[in-house]
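Keep in mind that this is a model prediction, so the values were computed, not measured. Below, chains carry the letters A, B, ... as their sequence lines are ordered, and counting in each starts from 1.
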Amino acid sequence: MEYARFERTEADNLALLYGEAAKRFDDMPAFATRKSAQEWQPVTYKELYRQGLNLATGLIAYGVKARDHVGLFGDNRYEWILADYGVQLCGAADVPRGRDVSDAELKYIVDHAGITFCFAETKQLAIRLLKLQEELPALRHIVMLDPAAEPPEGVLRMQDICHKGEELRNRGDRKAEERIAGIRPDDLFTLIYTSGTTGTPKGVMLTHDNMMSQIRNLPGHHNCTDRTLSVLPIWHVFERIIEMYTISFGGCTYYSGIITLSEDMQNVEPTFMASAPRLWEKIHEKILANIKKSHPVRRLLFKIAYFLAKQYKNSEYFITNKDLKLKRQPAWKRSLLMPFHVLRWIVVLPWYGFFNAAVLERIRLGAGGSLAATISGGGALPIHIDKFFNYVGIPVLEGYGLTETSPVISVRPKLNLVVGTVGPPIKETELRIVDPETGETLFPDPACEFGGRGKRGEILVRGPQVMKGYYKEKNLTEIAIRDGWFHTGDLGMITYNDCLKILGRSKATIVLSSGENVEPEPMEMHLQQSKYIDQCMVVGQDKKFLGLLVVLNGCEFVKNGIKHRSLQELVQIPEAKELMKKEIRRLISPASGFKNYERIGDFRLLPEKFEVGKELTNLFKIKRHIVSEKYGDLINDIYSNHSPKK
Amino acid sequence: MEFPSQLLYAQDQILLALMIFIIMLGMGASLTVDDFRAVARSPKGVLTGFLSQFGLMPLIALGLSIILKLHPAFAISLILIGCLPGGTTSNMFTYFSRGSVALSISMTTASTVMALFMMPIILSLYTVGFTSQLTADMRAAGAETEFVIPTGNIISSLVLVLVPVIMGMILRKKSPGWAKTMEDTAGFLAVIVILYLILTAFVRHGGLFLQTPVTVYIATIGLGMAGFFFGYWFSRLIGMKPIFQRAISLETGIQNGPVSFAIILLSFNEPVQSQMLWLAILYSTFIVMTSSGITMYFRKHGKFDWDIYKNTQIHNRLFGNDFVTKYPPGFLPERLVNDPSQGTQPAQKR
């Protein structure tokens, strides 16, 4: 099959995609593992596919059947992707989860998914599984991914299975090819248990069709000269789709990690990556800190550059109709403003051109300088971060999706960049905005003025990326998918330039006893702009007023002369509490656009940070039910001691 | 044509001198001794650059002067600009046009040194016709003098201009942080001063823009554009690869404007000085615009080969120098297959 330079490899299922990519990209590097900053170990497409076939053959010999669920517990590394190759090439599906999974979750997943064969990344994880094995009689084989460690008794090594498969293939075994030929489009390629922000884990069934539609429909032009940096957890479908997409265009994926990220960005100079808002917040902080430290002249130059970029880009967005349009703007107002923006654009252009080249380019080099696009997903990108990167010229494209939609529903394309939105839906995808109470369709509604744009409601999706259902949860599936429409549970609206704007998660909605609905997420995001607040969570379901749990940012208090040795100590200091009180009152007020009932009645300072795996999901979303449980006493305290202050 | 003899007031001249000083200091601040050594490492590129900078450009300038029948003062100025060395502006434009910055820097350093010998020779050779025309004009006006190109003065002004460059290099060695700041400030100041000069010229001699013959506009815009064009195709003819072609093209078209100001102010007198200076100002203004345009064009059209170059380079950096990136058959355009600059063959590493 002949492909044009920028065409993505297409196939009916992942296994065929892997084969096709191996044929097409042959000796090009597919994945690279970091050994040291300047030394990486590549694996070519051909080699990966060969090893994958060996593994698949070995797995078949160990009794893995077609459409079996194979556990795959571990984080980003080459062996993970090899294990995935093995599983796909023998026609099975994997059930992935990260290393940070708890024993209880592990047990639930292995039991619920009916896993008989599973991979464990490290020796530790293998030992944990061995212990659980007593309670899980169905689990027959545990295989360790880490090639360097010695496996404990009763645990197999992946290399050994590969070797076995190689021997079999040398003797003419072609069972893997038979399995590949037997894969149906609606077979699962993965079964992902979401930790989610609410309730018990649910197994999301994603099919080969789901995955292939994503590869087909993601916007962007990439080819085999692209470099993808991998930081987000691979077991999450967002990172996974980006890696599969990278395979389809022949790019190379470089495995980085949070700790080495900034160094790897300089060395790998990625052109593409999946990222999460938290990552950009960190990078933003770092850039600002560097600027603060730099020479005063430099700082001034940066300030001028940023100011000019802001003027320039805002006018550009207005002229090209890419400004955020939540409200209808009358045509006369627009035509009145147009000359101003055109004039500003022309006046600023030469200055912006110079400063962009001399100052902002150096900021961009901090992210490697070659980043053509990065999709940010897994949570809302705070608007000031979003604006910062787009002004500076690092195209952070915010996307939107859920594990259930494998995952991309919409993404801001580079050429149609409306800051503050998550862009238009990707190809083959339909959106609907529905009144969450009455179920009435608000968009698209031809009877309504402007087709229902600008109306708030729950987001419904229909498209090839929508999951097959929740595994063994027929009821839940029927609630989530009705008449082919998947109910996301998120609130949003379509802007007047046809982009989707996310307004919060309706499942997180707090209903006050007065019946007022409050979206906690926008409030939390607004509060987190304060330098004193590291993390926070708004509470108040069925209460008279809202409460707030705050994790303080210790360093800022030290700068303000409030000394302390630990967070526990800091929360006891009255000055800290007083400062916080003022800060909250400053941020949440009718002047900053909050309604009266959105006032924070009282707050409590938390003695510990929220941590990934505990209070936060891997994508840094707050697990509200966990926090509510853990700090139940504090929350009760807010409401028992106080009558709301006037 | 009546040309205002006092184009610049005394304070403007001081300002201009200060600007030249700062810009040359900034240029020096961007250079290291290693950049001079690098010249020896890429002799082919530098030689091609040399040929197009001191061979093509003066010829283009001469050709334009003859075809457009420029006034001798303008013609001499145009030829003077034609044989100037390159400046740091070209390095920045080369960077953004996805060209080889290393080659651009090498060419800048080589041409700055070479200009000491080449400029006086080329200038006196190419301007013979125009100087005699000037002399004839002056004789007709009743003057007894003969117009000659002040070769000695030109060399000494060039040497004088090199002083801040060397100071900048010392600054770079002593404090790289300061040098970086210097570089940016210099670029910023250059933009401001050129705009100031244009504006004051506009305010004081409003009619100047209308008085200036169209041919002068054509010549000042055309010199840069022709430089880009011929530099690009000449290097292609010699067999240079895209990233070097772009560097040579920009280096050929973009001349070191401030040096021309210095030479004109220090070495020439009225009645030609103002006219020469005016043309140099016009060239400096237009070249920023045209090279911005060309850079954007190069940036867009050079993306593909640049991506390949960059990717291969990173593969070699991370996977070791003997890693060979084998792009799928049919992926590389014919011209890039077996191209050493793309690093797709192990024996021909950069």
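Ranking A:Gly353, A:Pro42, A:Ser370 against chain B, the residue ahead of the rest is A:Pro42, based on heavy-atom pairs under 4.5 Å. With respect to chain B, the highest number of heavy-atom pairs below 4.5 Å among A:Gln41, A:Glu39, A:Glu361 belongs to A:Glu361. When each of A:Asp226, A:Ile304, A:Asn223, A:Leu301 is scored by its heavy-atom pairs under 4.5 Å with chain B, the top score falls to A:Asn223. Top candidate by heavy-atom pairs under 4.5 Å with chain B, chosen from A:Thr44, A:Asp26, A:Val268, is A:Val268. Contacts with chain B were tallied for A:Arg227, A:Arg34, A:Lys35; A:Arg227 has the most, counting heavy-atom pairs under 4.5 Å.
Between B:Tyr327 and A:Phe25, the gap from one ring centroid to the other reaches at least 6.0 Å. Aromatic ring centres of A:Tyr306 and A:Tyr391 lie closer together than 6.0 Å. In summary, the aromatic rings of A:His222 and A:Tyr245 are positioned with their centroids under 6.0 Å apart. Close placement of the B:Trp306 and B:Tyr309 rings is indicated, their centers lying within 6.0 Å of each other.
Checked for salt-bridge contact, A:Asp27 and A:Lys46 meet the test: a charged N lies under 4.0 Å from a carboxylate O. A:Glu269 and B:Arg317 are joined by a salt bridge, as a carboxylate oxygen and a charged side-chain nitrogen come within less than 4.0 angstrom of each other.
Contact annotation for residues 96-105 of chain B against chain A (heavy-atom separation below 4.5 Å, listed by residue number): B:Phe96.
The side-chain heavy atoms of A:Pro29 and B:Phe319, taken from C-beta on, include a pair separated by under 4.5 Å. With a 4.5 Å cut-off on side-chain heavy atoms, B:Phe228 and B:Thr252 do not count as touching.
The part of B:Tyr95 that comes within reach of chain A is its side chain, from C-beta onward, which places non-hydrogen atoms under 4.5 angstrom from that chain. A:Asn267 touches chain B through backbone and side chain together, each having a heavy atom under 4.5 Å away.
Using a distance-only test at 3.5 Å, with no hydrogens or angles considered, a donor-acceptor pair links the side chain of B:Gln255 to the main chain of B:Ile81.
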